[in-house]
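Here the structure comes first, spelled out in structure tokens, and everything after it is commentary.
Position 1 is the first residue of the sequence; numbering continues from there.
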Amino acid sequence: MSIFRRPDYTSDTTQFIEQLKTQRPQLEAEQRQGRALLWEKPVNRDEQQEFKDARVAQKPYVYQTQAS
């Protein structure tokens, strides 16, 4: 090890998060439960296919007026 090597830097935010995790070890499990509650929804493949089939194709330039 070099005599000029500095100790590894950790930011205040990283120190805070590490301290929080040591104080509350169940924190990550709670975060996963919250994510599952809000984001991890079951996907119905049949409905997804119906939505995809019902989609109307967009015109190349959507702001162009219809020529009569």
Side-chain angles (χ1 to χ4, degrees):
M1 181 141 104
S2 174
I3 61 172
F4 299 109
R5 187 179 188 310
R6 292 183 177 180
D8 293 332
Y9 172 78
T10 54
S11 69
D12 293 337
T13 306
T14 304
Q15 291 175 5
F16 170 74
I17 291 172
E18 288 174 355
Q19 180 184 9
L20 185 64
K21 285 182 180 181
T22 56
Q23 290 174 353
R24 296 180 55 196
Q26 75 281 7
L27 182 65
E28 288 188 40
E30 292 173 359
Q31 287 177 328
R32 283 192 207 99
Q33 286 177 342
R35 178 183 170 149
L37 179 67
L38 296 174
W39 296 103
E40 304 295 331
K41 302 288 184 181
V43 177
N44 185 338
R45 301 286 181 192
D46 295 331
E47 285 182 0
Q48 290 292 329
Q49 187 62 40
E50 288 177 18
F51 291 145
K52 186 177 178 182
D53 293 340
R55 186 175 178 137
V56 177
Q58 184 176 356
K59 296 179 183 178
Y61 185 70
V62 294
Y63 299 111
Q64 183 174 2
T65 56
Q66 294 289 333
S68 43

Sequence neighbours left out, cut at 3.5 Å: what donor-acceptor pairs do the side chains of residues 36-44 make with other protein atoms?
| from | atom 1 | to | atom 2 | distance (Å) |
| --- | --- | --- | --- | --- |
| E40 | OE2 | R35 | NE | 2.8 |
| E40 | OE2 | R35 | NH2 | 3.2 |
| K41 | NZ | L37 | O | 3.4 |
| N44 | OD1 | D46 | N | 3.1 |

Across all chains, not counting sequence neighbours, the salt bridge (Lys or Arg N to Asp or Glu O under 4.0 Å) partners of D12 are none
Separation of Q19 CD from R24 CZ (nearest 0.5 Å): 12.5 Å
CG (L27) and CD1 (I17) are apart, to the nearest 0.5 Å, by 9.5 Å
Residues joined to V56 in its hydrophobic cluster, side chain to side chain under 4.5 Å directly or through other members, sorted by chain and number, are none
Got more than 12 heavy atoms from elsewhere within 6.0 Å of CD, Q58? no
